[in-house]
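Heads up: the structure comes next, in structure tokens.
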Amino acid sequence: MPEPVTGVDGRGRPQLRPRLWWVLLLVAAIYLPTLRCGYALDGYWLASSSRDGVENPVVARLHSVDFYFRQHYWAGTSTFDGLYRPVTVLSFAATNHYFGSLLDTEYEALPQHLVNVLLHVLATSLAYMLARRIGAAHLPSLGVAALFGTAAIHSEAVAAVEGRAELLAFVFGSAAALLCTATRTWPRIAGGLLLFLALCSKESAVGWVVMVPILGTIGSGPTAGARWRTLLPALGAVAVAVALWLWLRHAMLADMAHIPRVVDNLKNPLAHVDSSTRGLTAAVVLGYGLWKCVAPFPLCSLYGLGPFRLVDSPTDAAFLGAATVLLALLAGALIAGRRRPILWVAAALWFGFALPSSNLIVVAGTIFGERLLYTPSLGLFVALAALPARALGARPIWLAGLVWTLLNAGLVVWRSGDWRDSETLVRCDVAAQPRSADLHEKVAMYLYRADPSAAIAHLDTALSIYPQFPSALVKRASHLKHTDRAAAIRAADAAVHSPFANLRDREVAQAILAPLLLGPKFRDLPPEALLQAASRPDALSAHWVALFERIAQLGKAPPATQLAALVAEARRRFPGDRLLALHCAIFGMTGNIRDAAIARATLQQLAPVWQLDVTRQHDPHFIKALMRAAECYSVLGERATALRIVDEPLQDPSVPEPLKQRIRGFRQQLARG
């Protein structure tokens with residue numbers, strides 16, 4: 001009895017050959033150990049129902065569907081980085097609601113990991129269907145599925161709960177591409193809906209928009225013109241899906257337009273270099289990603305600043321090597337693709353999905369991440385299906401594929417234990433990637449209580465890689481403040497003046513500096529004593545911050561002329577200190593805002609505040625700055641802007657209730673005018 005046709009039939013229904021089930025069972029088996037893992041790294045902040053005993057209101061309870069389409073990706077933590085992934089966040093909340101609530105807190109992550117495993121198994125079957133759709137025979141397609149399902153480079157996307165975004169984008173996107181190229185109307189409509197869900201899972205799913213016409217025009221049967229005419233309705237469904245996604249994303253991001261997107265230099269140093277250096281280095285990193293798909297040994301969760309050397313010359317050997325390999329692959333696919341169109345699809349999968357996150361086209365949030373290779377890697381495996389039947393039937397080829405599959409499967413099982421929790425993960429990965437400053441800083445955080453000397457050693461290593469690493473400097477100052485006062489002062493002062501420090505880093509560093517410079521009872525010193533200390537030629541900005549904080553604490557400001565002179569002197573001495581600029585803007589403008597000129601001047605003084613990370617909305621100084629800015633906008637007649645600024649911290653679950661009560665009182669006054 002002949003086997004059924006595999007792939008997608010005329011009605012858009014997927015069909016599987018029996019032998020594929022063995023591959024899917026193998027894939028499920030090697031990832032089952034991840035069910036013992038908890039939350040690690042970003043998964044703790046994004047998917048956990050509570051953090052440090054505080055409920056995450058976005059995913060702890062299941063809200064209406066429209067609620068999630070009105071939130072940005074990090075709404076549960078108040079951080080904003082321009083990402084819009086409502087379907088992913090909805091999946092976290094639904095899993096917690098239907099399954100996590102039935103388990104003890106200790107096992108809350110188990111259903112989240114189970115969903116990831118099931119999605120990866122489904123993605124593996126879709127990889128098989130894609131290979132069949134572009135003309136590969138059954139056995140080569142089975143090989144594509146086996147290679148894709150067991151590839152160790154995918155372990156982060158599956159074992160990390162936050163990898164859900166990659167999995168959903170692939171599952172929805174690949175299914176959409178298959179359905180949109182069907183011959184009937186309803187599968188195409190369903191394909192458009194699935195594409196919309198893919199885009200709402202992760203932005204990189206936009207690559208599937210290009211894959212739809214590629215898949216629709218490849219294959220035997222009608223002429224190219226006839227295939228394009230058949231494909232036009234599918235392209236209409238794709239256009240509707242993209243337009244709806246763009247409209248929803250714009251509507252959500254419009255409310256956040258005043259918040260600048262700041263890329264952390266620690267995560268992506270390419271965001272802070274010139275375009276030439278960024279492009280050259282990104283090409284090298286892309287070549288490294290290609291190699292990592294082939295030889296994923298060892299695996300690492302964090303790269304960031306350190307592992308990759310910045311390339312500033314096109315004659316650099318690393319750039320020449322990476323560029324040669326990448327261009328050769330692209331040229332080979334374009335030339336040989338005339339006879340074997342599968343190679344065109346393979347090139348489109350690799351370059352189409354790898355380039356958007358490579359920093360070559362736009363600046364990404366990270367310089368490199370193994371999870372980002374989840375979809376691009378399929379292009380490499382699909383390319384193998386283009387080999388001639390004679391080569392595929394050769395025993396060495398099959399033995400090599402079998403050995404590679406078994407090695408990767410074993411590595412996946414081994415790697416699963418590393419994702420038990422954040423501490424286990426970073427301790428394992430720092431040995432695999434000793435040049436990652438981020439990993440050394442995180443290991444030091446876990447080692448401090450058990451082994452302070454080892455923690456200091458890791459911080460020193462992090463700072464040798466990244467001398468301006470603000471949080472590492474703060475931790476070093478905190479560790480040394482009781483044993484080496486001079487070293488603690490140097491570290492804290494370097495943190496304050498690091499160009500990449502956020503407001504929180506600066507505040508903590510100032511809090512460490514003040515008692516070291518002025519004595520443990522500096523808050524009880526009269527303003528005159530603080531002014532004398534701040535007036536010294538060798539004074540640091542910490543002296544001036546302490547002075548302004550003491551003035552605010554006393555609730556009685558000096559005469560306006562004297563305060564204006566202090567503000568002017570502080571700005572003259574430390575023109576680049578954003579924390580001091582914030583204090584000057586808050587404490588340097590006494591009394592009520594009286595007219596438009598003063599309001600505009602105050603807003604100009606508050607300008608440095610808007611460059612700070614929005615995660616500091618719960619800081620009292622930041623709240624004061626927000627209220628001062630709202631008051632200015634009200635005087636200028638922009639009441640809607642003023643109310644919007646005040647409403648933001650009220651909607652932020654991380655802002656403490658006492659601060660919210662204070663803000664509500666201010667809002668009532670503002671609304672009354």
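As the structure is a prediction and not an experimental result, all values here were calculated from the model.
Under a cutoff of 6.0 Å and an axis angle of 45°, Arg249 and Tyr84 do not form a cation-pi pair.
When atom types are taken as modelled, the side chain of Arg85 and the backbone of Glu203 share no donor-acceptor pair closer than 3.5 angstrom. Checked by atom type and distance alone, the side chain of Ser174 never pairs as donor or acceptor with a backbone atom of Leu126 at under 3.5 Å. Judged by distance alone, the side chain of Asn268 and the main-chain N or O of Ala364 form a donor-acceptor pair under 3.5 Å. Between the His138 side chain and the Arg19 main chain, no donor and acceptor come within less than 3.5 Å of each other. Asp421 places no side-chain N or O within donor-acceptor distance of the main-chain N or O of Gly38, the cut-off being under 3.5 Å. A distance-only check finds a donor-acceptor pair linking the side chain of Arg132 to the backbone of Ala136 [under 3.5 Å]. The backbone N or O of Ile367 lies less than 3.5 Å from no partner atom in the side chain of Tyr303, so there is not a single donor-acceptor pair. Panel note: side chain Glu370, backbone Ser301; no donor-acceptor pair is recorded below 3.5 Å. Checking side-chain atoms of Trp350 against main-chain N and O of Gly379 turns up no donor-acceptor pair under 3.5 Å.
Contact check for Pro111 versus Val115: no side-chain heavy atoms found under the 4.5 Å cut-off. Side chains of Ser49 and Asn56 form no contact here, defined as non-hydrogen atoms less than 4.5 Å apart. Proximity of Val161 to Tyr39: side-chain heavy atoms (C-beta onward) are separated by under 4.5 Å at one or more points. Within the 4.5 Å cutoff, the side chain of Thr88 has no heavy atoms near those of the Lys202 side chain. With a 4.5 Å cut-off on side-chain heavy atoms, Trp344 and Arg338 count as touching. Annotation: side chain of Gln112 is in contact with side chain of Asn96 (closest heavy-atom distance under 4.5 Å). Between Val363 and Arg278 there is a side-chain heavy-atom pair separated by less than 4.5 Å. Considering only heavy atoms from C-beta on, Thr366 comes within 4.5 Å of Leu372 through its side chain.
Checked against the 6.0 Å centroid threshold, Phe353 and Trp208 count as a close aromatic pair. Checked against a 6.0 Å centroid threshold, the rings of Phe172 and Phe196 do not count as neighbours. Taking the ring centroids of Phe297 and Trp404, they lie at or beyond the 6.0 Å cut-off.
Of all heavy-atom pairs between Ala169 and Ala198, the closest is O-CB, 3.8 Å. Between Cys37 and Ala109, the shortest heavy-atom contact is O-CB, 3.9 Å. Considering every non-hydrogen atom in both Leu235 and Val212, the closest pair reads CD2-CG1, 4.3 Å. Counting all heavy atoms, side chain and backbone alike, Ser416 lies closest to Thr34 at OG-CG2, 3.4 Å. Minimum interatomic distance between Leu83 and Met252 (heavy atoms only, all atoms of both residues): O-CE, 4.2 Å. Taking each heavy atom of Ala283 and Ala322 in turn, the nearest pair found is O-CB, 3.6 Å.
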Under 3.5 Å, sequence neighbours excluded: what are the donor-acceptor pairs made by side chains of residues 142-159?
unit_1	atom_1	unit_2	atom_2	d
Thr150	OG1	Ala146	O	2.7
His154	ND1	Phe148	O	2.9
His154	NE2	Tyr374	O	3.4
His154	NE2	Ser377	OG	2.6
Ser155	OG	Ala152	O	2.9
Glu156	OE1	Arg371	N	3.4
Glu156	OE2	Arg371	NH1	3.1

May I have the step-by-step check of side-chain hydrogen bond (donor to acceptor under 3.5 Å, both in side chains) for Ser64 and Asp66, ending in yes or no? CA-CA 6 Å; Ser64 60; Asp66 67 294; 2.6 Å; yes
Before you tell me yes or no, could you show the steps for Gln71 and Leu90 under side-chain contact (heavy atoms from CB on, under 4.5 Å), namely the whole-Å CA-CA distance, both residues' side-chain angles and the distance that decides it to 0.1 Å? CA-CA 10 Å; Gln71 309 294 325; Leu90 174 59; over 6 Å; no
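Note that CG of Leu35 is 10.0 Å distant from CG of Asn116, once rounded to the nearest 0.5 Å. Taken to the nearest 0.5 Å, the OG1 atom of Thr95 stands 11.5 Å off from the CG atom of Leu110. With rounding to the nearest 0.5 angstrom, the CG atom of Leu26 is 9.5 Å from the OG1 atom of Thr124. The CG atom of Leu299 sits 8.5 Å away from atom CG of Asp429, with the distance rounded to the nearest 0.5 Å. Note that CG of Leu253 and CG of Leu248 are 10.5 Å apart. Values are rounded to the nearest 0.5 Å.
Enclosure of atom CZ in Phe99 is not indicated, since only 12 or fewer non-hydrogen atoms of other residues, nucleotides or ligands lie within 6.0 angstrom. Heavy-atom contacts from other residues, nucleotides or ligands closer than 6.0 Å to CZ of Arg36 number 12 or fewer.
Here Arg420 pairs with nothing under the salt bridge (charged side-chain N to carboxylate O under 4.0 Å, His left out) rule; sequence neighbours left out.
A salt bridge does not link Lys442 with Glu423: none of the charged nitrogens is closer than 4.0 Å to a carboxylate oxygen.
Side chains of Thr405 and Asn408: no donor on one and acceptor on the other come within 3.5 Å.
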